[in-house]
*Asks:* 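Got a structure here, written out as structure tokens. Questions coming.
Letters go in sequence order (proteins before strands), and every chain restarts at 1.
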Amino acid sequence: MRLSRYFMPTLKEDPKEAQIVSHRLMLRAGMIQQSSAGIYSWLPLGHRVLKKIEQVVREEQDKAGAVEILMPTIQPADLWRTSNRYDDYGKEMLRIEDRHGREMLYGPTNEEQVTDIFRSHVKSYKDLPLNLYHIQWKFRDEVRPRFGVMRGREFLMKDAYSFDLDYEGAKVAYNRMFVAYLKTYARLGLKAIPLRADTGPIGGDLSHEFIVLADTGESEVFYHKDILSLQTPEDKDFSTEELQGIVDEWTSLYAAADEMHDAENCPVSDGDLITRRGIEVGHIFHFGTKYSEPFDAKVAGPDGKDVTVSMGSYGIGVSRLVGGIIEACHDENGIVWPESVAPFKVGLINLKSGDEACDAACDDLYAKLQAAGVEVLYDDTNERAGGKFAKMDLIGLPWQVTIGPRGLKDGVVEFKNRSSGEKEELSPEAALNRLVS
RNA sequence: CGGGGCGUAGCACAGCCUGGUAGUGCGCUCGCUUUGGGAGCGAGAGGUCGCAAGUUCGAAUCUUGCCGCCCCGACCA
């Protein structure tokens, strides 16, 4: 993409409404534009990142055996009356009336909808286990939206819903998602920690929040220091026993959010306990028959008798992750994207646009990168060098190639890594090879 | 929902107290000079001062009502 033909409205100054770093950087990098409180438009750069994260999440869900569907944003009220949540949900639910006076709502979540789909079509235990997921926009009318996309009212979320014959089956489904989440966050360049979460009235031990460590995190977390050195599960199809082993390994070490943490009775000694702030980026939950019961979602078991299915739900806040990743990955000059979610892999800077030799060298490398399928943002504008460098640092692409007349005399270009700041002088061909391999 | 703050050009702000026809910096447009870390000079464009009512000869400025946004708290992916 040529910057001269792109739409990337960057700002030099900090917008005053943005207090936290990810929100400031997203606005300054021209990734989003606020529409109203907690509701944002995604501009090209932000949209690319959102789609990258979405794709990583999708791939890991697919690998874990979940099947993608897409449910609507607008749901009928009656569906929610079945589970008694139409009245219980309160003001966070955005209620709408259509032209015929029918009560509708903008979905804050989809348990009712997916259970309705399941019960309409699945009749036999032979069709289980089943895990259906979708990545869809949701709306929760938060009393106080804040922190940019990290706590918006409209947000993009991946929700998976598992259906099993019994608790044992549901536990396998749960473990499978638990492991998929560890892999997902690792691919996104994040160190995520699973915390035992409050299961509320349902009880049980099958609920975990995944949090990303960041100084600006919304809540305080306490954890055993060894949890940070645990290995991310490898990329393979695990057996039931292997899944349980991984979950046991990750949950045997202490980790709790402040509301669950009891300083008096903490099992970890002071020397091993680390306290930091974290951002919740996912939540997995087993809730048994809470929805299958009122929806009468049953399948015929092996003995021919109907069994009410055991369910779980598994959420990842996709749009929230954009902010969460920036909170975890930035420096004083701007964003430092993990390569897996960067909007472009490399920024190409033409230091003297209009100079014949310089233009030719840049255009040539640009064409070759494009031909090789490398995502490149080419700053071909005639802005001064300082502005170009500052802008590239702000948007945080993993690699930067700078071509100017001075280097070209010696046949070299500057090759820079955004994360380490390391610069090298390479021939254009060598730079190309680095980026293609 | 309780407490606090703010709405003046695309962005950040001054002007308001003490009413008199709208200003600064950045950004934008044009010209020239520049070109290796957010350039210099010159010339421009751009604002029903959030909305409405009131007071007044006259309101960005004073009064009242409304709307929007932000921050702290309680709540949440």
*Asks:* Atom CZ of A:F7 to atom C1' of B:G10: distance rounded to whole Å?
*Replies:* 11 Å
*Asks:* Please report the distance, rounded to the nearest Å, between CD in A:E332 and C1' in B:G38.
*Replies:* 16 Å
*Asks:* Quick one: ring pair (Phe, Tyr, Trp, His ring centres under 6.0 Å) partners of A:Y223, sequence neighbours excluded?
*Replies:* none
*Asks:* Classify every nucleotide of nucleotides 29-36 of chain B by which part a protein heavy atom approaches to under 4.0 Å, writing B for the base, S for the sugar-phosphate alone and - for neither, in 5'-to-3' order.
*Replies:* -----BSB
*Asks:* Taking side chain to side chain contact (heavy atoms under 4.5 Å, CB included) as the test, write out the residues that go with A:I74, two or more places apart.
*Replies:* A:I96, A:M104, A:Y106
*Asks:* Strictly by Watson-Crick or wobble contacts shorter than 3.5 Å, is anything paired with B:U48, and which nucleotide is it?
*Replies:* none
*Asks:* Output all residues satisfying side chain to side chain contact (heavy atoms under 4.5 Å, CB included) with A:D62, sequence neighbours left out; order by chain, then residue number.
*Replies:* A:R58, A:Y133
*Asks:* For A:F118, enumerate each residue passing the ring pair (Phe, Tyr, Trp, His ring centres under 6.0 Å) test, keeping only those at least two apart in sequence or located in another chain.
*Replies:* A:F163
*Asks:* How many whole angstroms separate atom CZ of A:R28 from atom P of B:G27?
*Replies:* 13 Å
*Asks:* Any strand is fair game: report the nucleotide pairing with B:G58 by Watson-Crick or G-U wobble, both distances under 3.5 Å, or none.
*Replies:* none
*Asks:* Whether A:K12 contacts B:C26 is assessed here as follows: a side-chain N or O lying under 4.0 Å from the phosphate OP1 or OP2. Is that the case?
*Replies:* no
*Asks:* Once side-chain hydrogen bond (donor to acceptor under 3.5 Å, both in side chains) is applied, what residue pairs with a partner in residues 4-18 of chain A remain, sequence neighbours excluded?
*Replies:* A:S4-A:D380
*Asks:* Determine the interatomic distance between P on B:G50 and the same-named atom on B:A59; round to the nearest Å.
*Replies:* 15 Å
*Asks:* For RNA chain B, determine which residues of residues 358-368 of chain A have any heavy atom closer than 4.0 angstrom to one of its atoms, and list them numerically.
*Replies:* none
*Asks:* Taking only residues two or more places apart in sequence or in another chain, which ones pass side chain to side chain contact (heavy atoms under 4.5 Å, CB included) with A:N417?
*Replies:* A:W399, A:S419, A:S420
*Asks:* Check whether more than 12 heavy atoms from other residues, nucleotides or ligands sit under 6.0 Å from atom NE2 of A:H224, and answer yes or no.
*Replies:* yes
*Asks:* Please give, in whole Å, the distance from B:C76 C1' to A:F155 CZ?
*Replies:* 9 Å
*Asks:* Can you sort out the partners of A:E92 under side chain to side chain contact (heavy atoms under 4.5 Å, CB included), two or more places apart, ordered by chain and number?
*Replies:* A:Y89, A:R140, A:E142
*Asks:* For nucleotides 67-74 of chain B, give me every protein contact, N/O to N/O, under 3.5 Å, one pair per line with atom names.
*Replies:*
| residue | atom | partner | partner atom | Å |
| --- | --- | --- | --- | --- |
| B:C69 | OP1 | A:A37 | N | 2.8 |
| B:C69 | O3' | A:Q34 | NE2 | 3.3 |
| B:C70 | OP1 | A:Q34 | NE2 | 3.0 |
| B:C70 | O3' | A:E17 | O | 3.3 |
| B:C72 | OP2 | A:R144 | NH1 | 3.4 |
| B:C72 | OP2 | A:R144 | NH2 | 2.3 |
| B:G73 | N7 | A:R144 | NH1 | 3.4 |
| B:A74 | N6 | A:R146 | NH2 | 2.6 |

*Asks:* What donor-acceptor contacts under 3.5 angstrom involve side-chain atoms of residues 22-32 of chain A, with partners at least two apart or in another chain?
*Replies:*
| residue | atom | partner | partner atom | Å |
| --- | --- | --- | --- | --- |
| A:S22 | OG | A:E327 | OE2 | 2.7 |
| A:R24 | NH1 | A:Q19 | O | 2.9 |
| A:R28 | NE | A:L11 | O | 3.0 |

*Asks:* Can the ring centroids of A:F178 and A:F210 be said to lie less than 6.0 angstrom from one another?
*Replies:* yes
*Asks:* Could you pull out all residues at least two apart from A:D88 that satisfy side-chain hydrogen bond (donor to acceptor under 3.5 Å, both in side chains)?
*Replies:* none
*Asks:* To the nearest Å, how far apart are A:I211 CD1 and B:C76 P?
*Replies:* 17 Å
